[in-house]
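To keep things clear, I will list the structure first and then write my remarks on it.
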Amino acid sequence: MPEGSEPLLEVHDLVVRYGAATALDGVDLAVGRAEMVALVGPNGAGKTTLLDTVSGLVAPAAGRIELRGRLAQVPEGRRLFPEMTVEDNLRLGAWRVRDRRVGPVYELFPHLVELRRRKAGSLSCGEQQMVAVGRALMGQPDLLAVDELSLGLAPQIVDTLAEHLQDLNRRSGMAILLVEQNARLALDICSRAYVIEAGRIALTGPSEQLRNSPAVQAAYLGGAYEA
Amino acid sequence: MTLFLQYLAAGIASGSTFALVATGFVVIYRVTGVINFAQGVFAVLGGFLAYSLLQAGVAHGLAESLAVLITAAIGLVVGLVALGRRGTPPLASLIVTLGLAIFSYAVVITTWGDHPISYEGLSGLLAIGGVSMQRQYVLIVGAAVVTFLALALLFGRTYLGMALTACSSDQRAARLMGIDVWRMGLLAFAVGGGLGGLAGVLLTPLQPVQFDSDVGIAVNGFAAAIFGGLVRPVTAFAGGLVLGVAEAMVAGYYRSSYETAIALAVMLALMLWQASRRAPSEE
């Protein structure tokens with residue numbers, strides 16, 4: 001995390017259990033203001049559990065979470081309300097805040113204007129991901145947590161969405177926590193990253209450093225990394 | 001022909017009350033995933049409460065309205081008990097509603113006794129197209145239609161209704177938006193209670209109610225709700241009307257003791273037909 005900046009999110013020694021199984025075991029993580037941080041790891045490593053715990057959906061068994069601002073999550077698989085229109089999905093994202101104007105989201109994703117009366121369930125996966133990101137932005141978050149941005153999407157659409165996230169981060173200073181199996185994408189667009197394996201943080205550091213780590217290259221980048 | 005139209009009118013009226021009870025089942029199930037076995041109790045309590053208020057000298061209209069509001073409040077309490085702590089599984093809540101339905105018998109018998117009660121509804125007959133029908137029938141159908149339109153507006157046009165729909169669509173996503181799914185569940189129980197109470201206050205002038213009348217009302221309402229797969233209010237409403245008309249025809253042309261059994265058989269046949277239309281065709 002950048003020196004001197006107050007962390008927006010701090011997770012200390014977090015433990016989460018599902019019955020007898022331990023999903024997170026002493027996880028520490030921090031996201032600074034206006035930072036883009038990646039959380040990468042294999043399936044079942046505890047990435048979504050960590051996000052759900054930070055979002056308040058899962059109660060931790062031990063540890064501490066300090067969130068100094070508003071958090072909105074783009075869930076894995078989008079999870080739109082399929083029978084509702086795009087606009088109604090967006091408006092529901094503002095449940096916690098008074099301002100329900102959808103204009104700023106349409107400015108970010110102009111393509112959604114023509115889809116605004118369509119049922120969300122009838123959209124393509126890429127369009128749905130735009131709505132999911134837009135819906136989260138309607139909550140005016142200080143920290144946007146995106147769970148598996150690239151899941152099931154064509155590379156071209158992933159690139160476009162990634163550019164939007166970087167642009168948001170640069171222009172509004174919104175912090176972004178990107179949870180990804182696609183480590184190459186995550187390390188490319190985030191300045192810092194955590195690698196989580198079997199419920200523990202295995203590695204952490206600047207993305208550049210992790211990119212050059214032989215362990216990360218072997219496990220997540222398919223061998224030597226080529227920029 | 002006149003007789004047929006009279007049976008039809010009576011069937012639509014009683015079917016409207018089934019439709020109200022069915023809609024209560026649907027609203028609660030969609031939002032909470034709980035099948036509320038106490039749904040018929042709300043109708044019984046609505047009837048008894050209106051009866052007591054009228055006996056106490058409260059004017060018609062106000063007494064029935066108060067009874068509906070009180071049953072909505074009772075619905076909220078049933079929801080509090082049934083939903084319990086956040087995260088209670090729907091199956092556990094279902095069993096709790098069954099227990100509450102049985103408990104209600106003790107409450108009704110202790111408070112009002114075990115004899116059936118009724119009160120006067122809208123008196124007089126109304127002639128429409130040469131068919132004379134009780135004005136209470138017209139009131140029931142009108143009240144059901146107005147209620148249904150109000151619910152459609154609530155769910156389709158208001159932000160609160162959108163949140164309720166979101167809870168029924170994807171509870172996890174709704175929670176991520178910051179919607180309190182548990183509170184929405186309580187609201188659904190209150191709406192369900194009010195709908196059941198409304199059915200009760202409308203039905204009691206035509207059909208006396210007693211402590212265990214909830215079973216017949218709930219069976220008919222549940223059958224209608226199942227017709228809509230427990231999630232589609234419009235189909236549930238239509239199911240209530242079909243059931244009501246079928247019962248009235250059986251009672252009118254054959255025997256009233258067979259009305260529920262035959263009407264349910266008709267519903268079963270319709271549901272099988274629906275299922276066969278949905279099933280993928282096998283070559």
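Naming: A, B, ... by sequence-line order, numbering from 1 per chain.
For B/Y159, the OH atom counts as densely surrounded, since its 6.0 Å shell holds more than 12 non-hydrogen atoms of other residues, nucleotides or ligands. Counting heavy atoms of neighbouring residues, nucleotides and ligands inside a 6.0 Å radius, atom CZ of A/R17 does not exceed 12 of them.
Using a 4.5 Å heavy-atom cut-off against chain B, the contacting residues of residues 86-125 of chain A are A/D88, A/R91, A/L92, A/G93, A/A94, A/W95, A/R96, A/R100. Against chain B, the residues from residues 129-159 of chain A that qualify, each with a non-hydrogen atom under 4.5 angstrom away, are A/R135 in number order.
Interatomic distance, SG of B/C167 versus CZ of A/F81, reported as 7.5 Å (0.5 Å rounding).
Under the rule for a side-chain contact (heavy atoms from CB on, under 4.5 Å), the partners of B/A224 that lie at least two apart in sequence or sit in another chain are B/A22.
Counting only residues at least two apart or on different chains, the side chain to side chain donor-acceptor pair (under 3.5 Å) pairs with a member in residues 169-197 of chain B are A/D52-B/R172, A/R79-B/D170, A/E83-B/S169, B/R86-B/D180.
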